[in-house]
Amino acid sequence: MAAACGKVLLRAALPARWFSSSMCRMNRDGEPTKFQPPPKPVIIDKQKQREERRFLSPEFIPPRGRTDPLKFYMERKDMIQRRKVFNIPEFYVGSILAVTTADPYADGKTNRFVGICIQRGGRGLGATFVLRNVIEDQGVEICYELYSPRIQEITVLKLEKRLDDNLTYLRDALPEYSTFDMNMKPVSHLDHEEIPVNKLQVRMKPQPWSKRWERPKYNIKGIKFELPEKKMKEAQKWKQPWLEFDMLREYDTSK
Amino acid sequence: MAGWGLLARLGARLRAAAASGGPLRAVTAVSGHSWQLGFAARPVHDATWWHEHLSEENVQFLRKAAAEEYRAQTASKLCPLKDEPWPLNEWKPDSVRVGVVAVKLGMMPIWTKSGKKHAVTLLKVQDCHVLKYVSKEDSGGKTAKLLVGGKNVSPFSKSEAEMEIFREAGVPRKQKVTTFNVTDDAIIKPGTPLYAAHFRPGQIVDVTAKTIGKGFQGVMKRWGFKGQPASHGQTKTHRRPGAISTNKVSRVFPGKKMPGKMGNIYRTSFGLKVWRINTKHDIIYVHGSVPGHTNCLVKVRDTKLRVYKDCNKNPPFPTFFADGDEKLPEDLYDQDMFQFTDPSVTYA
């Protein structure tokens, strides 16, 4: 009985998005009232998890230091107050955004820019994000402050993640990977779906680059290195395999 | 030569004593022989921490008693206006009022209504009380002085003589005690608490604090000397001062800039504007940067600069009383500051 119950549960778990947990409950209710604990570990329903998942913007996480938490509390109050009046959507590095700012010297006093988010920096009210686009064969990067009152609107045209946290290597990639149409239509994204990860491997311009992206310290997965084997092997010389065994090093343990 | 032998035997005896007994017995052994030798063969350290010779129960009890005492003292000082305050006078353009001791929390960006960004420092006024009044004649100066204390700290590691000031004022022990030169119409009774609302947005303020200590530094970092080139034949000379004087003077002038201890000295930032006051947490948002590291204690007072005389008109005089008639909102903003409750800035 218990074994059969377990097998049914397992089968239900495989396409977990299509079966809700109510199905599992019904199977148990069909049996006599005596409570049977699940024989295998309880299977987590992915859809429920997604509903419970909430995006935490990285600028809310205070940096490590000896600052009084009261200072971060005051900053967070201001950030939340700003978010109540102005909507800052959820976005990641690699998403395509359109930002309208107030500009006293422009026609119509507003300035609209579309680009791919290359990096997100700063903590607290000074949080910034950099958008990159290629306009008339000229690469343009603009760094915006998330909480600046001059920003009128932020729209996410395409919400997606990339293989890396930092896409600064797009500066040395072929310009086609950084060009986005200024009048791009927003791509719809449903709330309950997971954020799609774009596993695009970018082709680079010939070397020299602004940074030696092939070296292991940058840990870049989104470049298709077409370099000779000799260069790739030489880059591995700067690998520090002892880092992961360093017991005094501080690292992120949140996951 | 004979003395060396005596010393060696004494040393052996001390070591034996230490192995068997403990530091106390070794000390008595030394003092027993000191009249023969004329000095103690082993240095005696008297310094202990306050609870070294107390039992754990007593330590816990003392800590709780101190905390309760602090709470009682702070609570008793919450209503200064009902406590026979000293005469409250009106503000005159010549009056100089007290300042405040605050804790530097950190820095933050703010924006003005025209969209310009500025950086501000947050200063939290934590447990600030007036400690003592020294009259003009007593202090021997030109004005009366008021001693003001900052953050509360533990009462145990200070001597009785130093704790006298705090006991007379009926106030917990403070980490920083500063003097403010004050005119006679602005004197305040010792024990009065001072709050961040003592300042108002739009006022100009001077902030004094000890700069971050950098230790012993060379002449390039300390005084900004250019040093010497890195290559082209320089032998072992890249960050040195070079010549320190001429030949005719045949001496070095006093005050010559040379390497030495840098930082950890009192410095003042003048003419800083107050952008915002938070009355609930007692935080002052002051323009620009302020000397000192995070969480250091800082002395804040009205500007001495004559240019800003008009900005500091009609302040709360002699100070802001929390139990008075004035009920302030939680946040006070300067008129130019962009508040986050407003919609985004537009240029018409």
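Proteins come first, then strands; the chains are lettered A, B, ... in the order of their sequence lines, and each starts at number 1.
- The shortest side-chain heavy-atom distance between B/Pro343 and A/Phe86 does not fall under the 4.5 Å cut-off.
- The shortest non-hydrogen separation linking A/Leu125 to B/Phe340 is CD2-CZ, 3.9 Å.
- To the nearest 0.5 angstrom, B/Met107 atom CE is 13.0 Å from A/Thr67 atom OG1.
- The existence of a salt bridge linking A/Arg82 and B/Asp342 is excluded, since no basic side-chain nitrogen approaches an acidic carboxylate oxygen closer than 4.0 Å.
- Contact of B/Lys113 with chain A is not made at all, since no heavy-atom distance falls under 4.5 Å.
- Of the listed residues (A/Arg83, A/Lys84, A/Glu145, A/Met79), the one with the most heavy-atom contacts under 4.5 Å to chain B is A/Glu145.
- Residues B/Gln339 and A/Gln81 form no side-chain contact, since every pair of their non-hydrogen atoms from C-beta on lies 4.5 Å or further apart.
- Heavy-atom distances place no part of A/Glu153 under 4.5 Å from chain B, backbone and side chain included.
- Counting non-hydrogen atoms of neighbouring residues, nucleotides and ligands closer than 6.0 angstrom, the CG atom of A/Asp246 exceeds 12 such neighbours.
- Surrounding CG of A/Asp165 are at most 12 heavy atoms belonging to other residues, nucleotides or ligands under 6.0 Å away.
- Rounding to the nearest 0.5 Å places NE2 of B/His293 at 8.5 Å from CZ of A/Arg66.
- When heavy atoms are compared at a cutoff of 4.5 Å, A/Phe72 does not approach chain B at all.
- Only the side chain of B/Leu122 comes within less than 4.5 Å of a heavy atom of chain A; its backbone N, CA, C and O stay farther away.
- Heavy atoms from other residues, nucleotides or ligands lying under 6.0 Å from CD of B/Gln335 number 12 at most.
- Across all their heavy atoms, B/Val345 and A/Ala102 have their closest contact at O-CB, 3.4 Å.
- No more than 12 heavy atoms of other residues, nucleotides or ligands lie within 6.0 Å of OH in B/Tyr308, so this atom counts as exposed by the packing criterion.
- Other residues, nucleotides and ligands contribute more than 12 heavy atoms inside 6.0 Å of the CG atom of A/Asp181.
- Using a 4.5 Å cut-off between heavy atoms, B/Ile110 does not touch chain A at all.
- The only option from A/Gln152, A/Lys109, A/Arg150 that meets the side chain to side chain contact (heavy atoms under 4.5 Å, CB included) definition with B/Thr346 turns out to be A/Gln152.
- Using a 4.5 Å cut-off between heavy atoms, B/Asn278 touches chain A through its side chain atoms alone.
- Using a 4.5 Å heavy-atom cutoff, the side chains of B/Tyr347 and A/Tyr105 are not in contact.
- Here CG of A/Asp68 is found 10.0 Å from OG1 of B/Thr294. Values are rounded to the nearest 0.5 Å.
- Within 6.0 Å of CZ in A/Arg123 there are more than 12 heavy atoms belonging to other residues, nucleotides or ligands.
- Counting non-hydrogen atoms of other residues, nucleotides and ligands closer than 6.0 Å to NZ of A/Lys77 gives a total above 12.
- Between A/Asp78 and B/Met108 the shortest side-chain heavy-atom distance falls below 4.5 Å.
- Across A/Leu70 and B/Leu105, no two heavy atoms sit closer than the pair CD2-CD1, 4.1 Å.
- No more than 12 heavy atoms of other residues, nucleotides or ligands sit less than 6.0 Å from atom NZ of A/Lys158.
- Of all heavy-atom pairs between A/Pro149 and B/Ser344, the closest is O-CB, 3.2 Å.
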